[in-house]
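Per chain, numbering begins at 1; letters A, B, ... match sequence-line order.
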Protein chains: 2
Amino acid sequence: MKTSISAVLGYITLGCAVIGLLFAFLTAKKVLKYDEGTDTMKKISAAIKKGANAYLKRQYTVVSIFFAVMFVVLCVMAYFKLLTWFVPFAFISGGFFSGLSGFIGMKMATAANSRTANACRNSLNRGLRIAFSAGSVMGFTVVGLGLLDVSAWFLILKNIFRLSSSEISSAMLTFGMGASSMALFARVGGGIFTKAADVGADLVGKVEAGIPEDDPRNPAVIADNVGDNVGDVAGMGADLYESYVGSVISALALGVAAFKSIEAMAIPMLLAAIGILMSIFGTFFVRTGEKADQRTLLKALRKGTNFSAVAIAIVAFPLVYFVLGKQNIGLYFAILAGLVSGVLIGFFTEYYTSDTYKPTRKVSESSNTGSATIIISGIGLGMKSTVIPVLVVVICVLISFFASGGANDANVGLYGIALSAVGMLSTLGITLATDAYGPIADNAGGIAEMSGLESEVRERTDALDSLGNTTAATGKGFAIGSAALTALALMASYVDKVKEVGPTNIDLTFDLMNPAVLVGVLIGACLPFVFAALTMESVGRAAQSIVKEVRRQFLEIVGLMEGKVEPDYERCVDLCTRASLKEMIAPTIVAIIVPVAVGLIIGYKGVVGMLAGTMATGFLMAIFMSNSGGAWDNAKKYIEAGHFNGKGSVNHKAAVTGDTVGDPFKDTSGPSINILIKLVSMVSIVFAAVVVNFHLI
Amino acid sequence: MKTSISAVLGYITLGCAVIGLLFAFLTAKKVLKYDEGTDTMKKISAAIKKGANAYLKRQYTVVSIFFAVMFVVLCVMAYFKLLTWFVPFAFISGGFFSGLSGFIGMKMATAANSRTANACRNSLNRGLRIAFSAGSVMGFTVVGLGLLDVSAWFLILKNIFRLSSSEISSAMLTFGMGASSMALFARVGGGIFTKAADVGADLVGKVEAGIPEDDPRNPAVIADNVGDNVGDVAGMGADLYESYVGSVISALALGVAAFKSIEAMAIPMLLAAIGILMSIFGTFFVRTGEKADQRTLLKALRKGTNFSAVAIAIVAFPLVYFVLGKQNIGLYFAILAGLVSGVLIGFFTEYYTSDTYKPTRKVSESSNTGSATIIISGIGLGMKSTVIPVLVVVICVLISFFASGGANDANVGLYGIALSAVGMLSTLGITLATDAYGPIADNAGGIAEMSGLESEVRERTDALDSLGNTTAATGKGFAIGSAALTALALMASYVDKVKEVGPTNIDLTFDLMNPAVLVGVLIGACLPFVFAALTMESVGRAAQSIVKEVRRQFLEIVGLMEGKVEPDYERCVDLCTRASLKEMIAPTIVAIIVPVAVGLIIGYKGVVGMLAGTMATGFLMAIFMSNSGGAWDNAKKYIEAGHFNGKGSVNHKAAVTGDTVGDPFKDTSGPSINILIKLVSMVSIVFAAVVVNFHLI
């Protein structure tokens, strides 16, 4: 009978995954029907497509070498019975689907950019519809592929290989590691590409030469637009695929540990499945009249996401009640806590980074005293903005743990924490749609500018872009909040794993008064700092090579500044590609080697300390860097909108400096740290058997 | 017999403390014999003195209100038997001596600045001798008063009140809290003052009006020089008094817990006493010929500190051997590990922040692409520079713990960690001397500039100042490293305290898998971020008021820019004073309330998590902020020395922006966090009985 439940469970979730993918497919077809616009627009869009495709192809080539090496390593470990033979394959599949999510999202985005620009020639609303639809394709591809991967593995391992629940959850954690590794490459590589191009284009074009943003005379302008696609779209796709899958599988694993039953595995999978359906319904609420303004559009988007969240909150109750029984209804409150926390963190991210609120306006104001003070106030804002998300997560963790009954059985409480992360991410289909359309609008603006469309069009794409910044803030809040909760759940999974692979009398207390645990915390806390430094310096190095190239072209290409000759766009794209691929290696290797090294030297207790340290500091650094960056970006926009002496003033120059510093903060280092804190946990889990058997102290 | 040992112990350390103070007194008399220079110099020096005295007077008035309130709170707690009656008085005495250390240091510094400038009219070497002697006064006042306070309380409690060892160590921890609170006020208030004045003077004077640094036409120039004294001198004095005393008393407390004998208390006290003597000997090695250049001077300083360190390393061996016996000789290696770690962290601080090494030069180089890239590279440098100090502390902790025998008896291991901190700080007398002379040289430079002395004199004071930056880096390394070790020791003391005040069956495991502990880590990790943000924003606000005032004076005072009329210096001093006193309250209150609130809500286990989180993140943030700031400062100096297009170039402007951002990093937020991580521990210890008896979860 158990088997039949599990078969049903697997097929239901598989079905919902397919529905999500189908919805994405149909939406994509709809978008592709629209017109791409004038010949110039088509030409520019084609150049962006070409650059993005070339980058992704080369990135995946580099990454596949890494995956091949890791595959061999995992096979060797499997040979020595330190892992099961499913692990290497699960690892590959996680990486593959994560990469695929990014690839499809990017394909769609590069197809939608010119169509959005063209639609904006008609009205703001039409532009939004196309951009949002393209974003939906990405959103539902990510959740569809995520749930497909989870349910397919579940069905294969359960029904074909007839593995036990704990063996299944073990194998699944490895495909999380594959997804995380891929996501880190995509985020770091894409993030370096996009910001090197952006910083390079801005520094020489805007600041030195004084030409507008996205001016076709700027040699880095195509690279900048390519960057939006490979960084903000493909990188984000891979990233959120990883978050989504990570939260589900950590909940699966802890469910098995807590209840030792298939029902506990059912909850996160069914919750994710319901989430996909409710998110699809939500998208139908995103409608406005033809004459909508920005505020109405935002309302329309909010209506969609709010509907989905409320619907999931309602449906989750009977789900928990009927699957796990009345006695476990406390777990429902864990899910609810997660949902609410996601919304709260999203709101406060917006509060701190949107120019409709006081904090960002104060950053704008500090431009009165120059670039140094705008930097100081932006950093101050980012650091201060960590408080509320920390408190929200703390309260969410305590509610999830204690409402689930963690006081009596810690395992159930930890499962509750994992479920809160799944709850938070259950609306991902639609929140990601509202998030992913931002870079598409940004690109559309670039195309409008470069094709010399009427300034009205550019104004519309700017309005979309600025709306996109608001929704992106919400999206970031979800990504960061869920990363912290998932990392906590993965810590618990690690302890389970140690218990499983260790001797029967293994000591499973991780007392902070034990120096191995304590120094572990210190090392773990250091990791996000190092990681942020490495990624930021990579952006700096890559940007400097772009700066030099752009300066060279301005100097050497006769007639360029007069607009008579085209710059050599491809060289800049190629430089960005090579620089970012070179630079993405080191940070990723650090993230994989450090947890193994810590384990081999100070043992599995040190690893738990390290995970706690990385989770705590990583969470803070991610919020700090994302929010500082977001605030600088919008502080600049606020000045450009005519406040504090407006565009071209000394204030504006200072704000551009702030924005440039914020670029790697918010689009490279910050989001990569989200992945980092989960990747270190997954790596630790996969290498647990090695660490438990061999360690120095 | 035991009593006689303790009496001897108390008198020996008291004797060494008095020797230290006597040495400081004699050195002070020697310095005061030198000539103050021309009438203009005297006048300027008098203005600085006046401003500094006025500030300190008002600061102490504000602080004494805080101390009075806390005194009443502690008395109420004593009345309800949550504390002994010694605690309120110990608290006051710690605050008093910490404040006194700062006060004496500042008095000396303001007396020595014009004398140093005057001596520089003769030779670099004479200038160094006076500045270094004045620094020594501060160094030996701090260690002398520190050890005086410790040994006096020891004698009183032991010989008059005949308390047990554990009661003595309890009372002593409270005077640590008094010292920490005072230190935090001094560091934060002084740090805000000095940086508001500095940033304000630079932004309007250097950047906007284009007049040189320390130009007498700048209305904020006296405030800037007052700031050096109240922030860099008085603030640092109070700060290091707290570090020194904190390390000794945490070692005392853990010694009692580990050995339950008076001998274990003897080690840290005697080590500190020996440290004073060896530091005095060390100062006699700081001699050079009349024609010394900068390199020779640095060598001379190094010779002094190295002699002291080696001498302590030698004498500590028989100390441990004879007092605690052959079986505990492992503790010697803990002391040695501390000494070596301090030197290593100091060296790597210098490596990352001095323009003789690659990292800072790279920051200079990034000025080629403007202020945004210099900010990014400086932040990257600071974050990356955390790795080595973390590894050094990790290794030091592991060696101290395991060499002491922590594997068999954790209490002894924790005592070992505390002793390593005492070892690190045992050379404080001389390292502080080499550190404190920097601001004196800085002031001397200001006086030379303002009095219109020959440019040669200014060059000499600049050389001294730059040498001061190097030695200050070393000093900072000690302060940060010892703060981390002391915080670890205080965590252990907290656990001891909980054990003492809790019921006999109290659960003393602090497992990271316990959600209360885990969320404690998260909250604790957040604290340094908030604290850094608050202090940075305070500097920003205070600086903006100065900027406005300086701009106003430039505009409104006719003949000012032509040098015909003097600006209104006093108004700027007064503005800085009021702003910094207002701004110092909030951060300090946060540091005191958060640990109590965490305890009352999530209990004593959450507190241990919080302490670990604050220690880890605080350590990292302190290094990051200090080193970024130091690197920007020296990157600017490197450009001013003629590299990368030199003074007045676009590169220089970018570097000034970096330096301005770095000012609150390195002189306000960074060093305050060092105090924060110890203050939260001490507050937790003092309120342990309340928290154990009343908490929500």
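Contact between A/V390 and B/C526 at its shortest, heavy atoms only, is CG2-SG, 3.9 Å. Scanning both residues, A/A372 and B/V661, for their nearest heavy atoms gives O-CG2, 3.7 Å. Here the closest heavy-atom approach between residue B/G380 and residue A/E537 is recorded as C-OE2, 3.6 Å. Considering all non-hydrogen atoms of both residues, A/M383 and B/F529 come closest at CB-O, 3.4 Å.
Note on A/I623, A/L391, A/T386, A/V204: by heavy-atom pairs under 4.5 Å with chain B, the leading option is A/T386. Contacts with chain A were tallied for B/T617, B/I379, B/V199; B/I379 has the most, counting heavy-atom pairs under 4.5 Å. The candidate with the highest count of non-hydrogen atom pairs below 4.5 Å against chain A, out of B/L508, B/V656, B/V519, is B/V519. Each of B/L381, B/L611, B/T373, B/V387 has some count of heavy-atom pairs under 4.5 Å with chain A, and the biggest count is that of B/V387.
With a threshold of 4.5 angstrom between heavy atoms, B/V393 approaches chain A through side-chain atoms but not through N, CA, C or O. Looking at B/D659, neither its backbone nor its side chain comes within 4.5 Å of chain A, counting heavy atoms on both sides. Only the side chain of A/V397 comes within contact range of chain B, judged by heavy atoms closer than 4.5 Å. Residue contact with chain A, scored on non-hydrogen atoms closer than 4.5 Å, is absent for B/L527. In this structure, chain B has a heavy atom under 4.5 Å from the backbone of A/N368, while its side chain stays farther away. In this structure, chain B has a heavy atom under 4.5 Å from the side chain of A/L203, while its backbone stays farther away. Of the atoms belonging to B/R551, it is side-chain heavy atoms, and not backbone ones, that fall under 4.5 Å from chain A. Residue contact with chain B, scored on non-hydrogen atoms closer than 4.5 Å, involves the backbone and the side chain of A/V608 alike. Residue A/V394 touches chain B through both its backbone and its side chain, counting heavy-atom pairs closer than 4.5 Å. At a 4.5 Å heavy-atom cutoff, B/F531 makes no contact with chain A through either its backbone or its side chain. The contact between B/L488 and chain A is made entirely by side chain atoms (from C-beta outward), counting heavy-atom distances below 4.5 Å. In this structure, chain B has a heavy atom under 4.5 Å from the side chain of A/V517, while its backbone stays farther away.
B/L512 CG to A/M615 CE: the interatomic distance, rounded to the nearest 0.5 Å, is 8.5 Å. The OG atom of B/S366 sits 12.0 Å away from the CZ atom of A/R541 when rounded to the nearest 0.5 Å. Taking CD1 of B/I374 as the start and CD1 of A/I375 as the end, the distance is 11.5 Å to the nearest 0.5 Å. If you take CG on A/L518 and CD1 on B/I417, they are separated by 7.5 Å, rounding to the nearest 0.5 Å. A distance of 8.0 Å separates CD1 of A/I376 from CE of B/M536, quoted to the nearest 0.5 Å.
B/D511 contributes a side-chain N or O that, together with a main-chain N or O of A/F510, makes up a donor-acceptor pair within less than 3.5 Å.
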